[in-house]
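Read the numbers this way: they start at 1 and go in the same order the structure lists the ligands and their atoms. The analysis underlying the following values was restricted to heavy atoms, covering all of them including side chains, and did not include hydrogens, waters or symmetry mates. This structure is a prediction, so every number in the text was calculated from the model and none was measured.
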Amino acid sequence: MKVYIILPMFASAILTALYGIDDYAKRAGKMYFGTAANLPTGGAINDKYYMAHFNNTQNFGQTTATNVMKWIYAEPERGVFDFSLGDDFVRLAEANEYILRCHNLIWHEQYPGWIDTTDWTKNALLEVVRRRVKETITHYGDICYCWDVVNEAINDDGTYRQSIFYNVTGPEYITVAYKTAQRTIAELGLNVKLYYNDYNIEYPGTKATAVQEMIVKSLKKSNIQLDGVGLESHFIIGETPSMASQMQNMADFASLGVETAITELDVRALSLPLTQAQKTQQIIDYNNTISACAMSKSCIGTTLWDFDDTYSWIPSTYVGEGYATPWYQPGGANTPLKKKRGIYAALVNAFNRQIGTGK
Ligand code: XIL
């Protein structure tokens, strides 16, 4: 009699011990579940408790550098490239055989200072964009599953963002970046996907429509390669788009011939500490988001924008806000991590419900 009760309990305990989120994601047909990390910069590299979790290949099958592959690190002087920090990150990823999303090539933030202090002609700046794209893709080669070629080029109201790139070249910097990327991977015979990545495009609306028109359709119409759209998903507790609207949005992008991915997921509280009601809502928000990816054929995977509150970008960028990730360190940096059990279970369940559905 007892054995009938104990065996299933035993089996589920073993499953919990053996499987992590990435395992469940893969069983649900996704390519990966992953996390971004501010490595080797940012202090986390010296936190053995954090690193043990970063290296847990059951939970994670993919990673993204939150910072070190950005242009500001890679071309400190005009024409002088230095990929050493990015290479350090690649070594950390490769030790775990993690899939690498490479982030990013052209963005209006974290680009080298000399770009702001030079008086540009359009052609000169376009040449600098070309060289950044070509040198970087060439350097990393097939290590990257994909590149976020252009990041955050559209405003919330659907207009082009006024960056130095836009102000000097108009939208041409976008086409030039993708054309150069396409040519580089073709010349080198690389198997690297080209993405556009942005926020506030995780639900149907003005900005998502603008990205569909001004980026996706516009590149495709000119026969320029675009393989995927990254939905950043920096959400706020209680303001996270519903599962249905996220799924509709993924389908809208997919209908234009691109894959989708959730690239920078976190769900933050606007003030601390949280009420129990906010914690419950956060679990729902995580579940809705992961479920949307799990149930959408076009969504290949999800990446957390770090997995531990201690090293999340939220507290330093949005002062007073936080509690945005699935793990935390009750004792602070360099102490053991604790999972937020409700969020962790919500992630596992979101994938589990999809197993065997072929989605
Ligand atoms: C953030 C990093 O996490 C921070 O450490 C850094 O100070 C600023 O950039 N959208 C993006 C990411 O595409 O590159 C940003 O990362 C977060 C918003």
Side-chain angles (χ1 to χ4, degrees), residues 34-47 50 54 60 62-75 85-86 88-89 92-93 100-113 115-116 132-133 136 140 144-156 161 163 165-166 173-174 177 193-202 207-208 211 215 228-236 239-240 260-268 289 301-327 333:
T35 186
N38 190 5
L39 297 171
T41 47
I45 192 88
N46 299 317
D47 185 334
Y50 175 94
F54 174 78
F60 305 126
Q62 178 275 333
T63 192
T64 308
T66 57
N67 285 302
V68 294
M69 286 193 181
K70 289 170 178 171
W71 198 350
I72 189 170
Y73 295 101
E75 197 178 350
L85 279 176
D88 289 344
F89 188 84
L92 293 168
L100 213 80
R101 293 195 82 262
C102 291
H103 176 81
N104 56 47
L105 290 170
I106 308 292
W107 189 31
H108 67 279
E109 283 182 31
Q110 292 181 290
Y111 58 80
I115 293 187
D116 275 334
R132 154 72 173 159
V133 171
T136 311
Y140 289 105
C144 303
Y145 165 71
C146 64
W147 266 106
D148 290 329
V149 177
V150 173
N151 202 43
E152 302 182 347
I154 303 292
N155 291 317
D156 284 354
R161 183 189 290 277
S163 63
F165 308 107
Y166 183 76
Y173 82 93
I174 301 174
K193 292 198 190 288
L194 306 183
Y195 268 64
Y196 175 78
N197 188 57
D198 211 331
Y199 61 92
N200 288 351
I201 59 164
E202 302 88 355
K207 186 166 179 181
V211 168
I215 306 284
V229 171
L231 312 166
E232 290 185 14
S233 309
H234 293 293
F235 292 141
I236 294 170
E239 296 176 32
T240 299
T260 60
I262 294 177
T263 52
E264 305 186 9
L265 177 61
D266 45 29
V267 183
R268 68 186 188 271
T289 304
T302 299
T303 307
L304 303 172
W305 205 244
D306 226 311
F307 60 90
D308 172 17
D309 287 345
T310 309
Y311 301 101
S312 158
W313 71 306
I314 296 291
S316 52
T317 309
Y318 301 92
V319 174
E321 306 182 16
Y323 203 75
T325 77
W327 274 269

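- A parallel orientation is assigned to the rings of Phe307 and Phe54, their planes being inclined by less than 30° (bins at 30° and 60°).
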- Would Trp107 and Glu152 satisfy side chain to side chain donor-acceptor pair (under 3.5 Å), going step by step from the backbone distance to the final call? CA-CA 7 Å; Trp107 189 31; Glu152 302 182 347; 2.6 Å; yes

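- Taking the six-membered ring for Trp, Tyr311 and Tyr50 have ring centres closer than 6.0 Å.
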- Message: One pair to check against disulfide (SG to SG under 2.5 Å): Cys102 and Cys144. What are the steps and the verdict?
- Response: CA-CA 6 Å; Cys102 291; Cys144 303; 2.2 Å; yes

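- Classified by interplanar angle (parallel below 30°, tilted 30° to 60°, perpendicular above 60°), the ring pair Phe165/Tyr111 is perpendicular.
- Because its NZ or CZ atom is not both nearer than 6.0 Å to the ring centre of Phe235 and within 45° of the ring axis, Arg268 does not count as a cation-pi partner of that residue.
- A distance limit of 4.0 angstrom between heavy atoms and ligand 1 selects the residues Thr66, Asn67, Lys70, His103, Trp107, Gln110, Asn151, Glu152, Asn197, Glu232, His234, Glu264, Trp305, Trp313.
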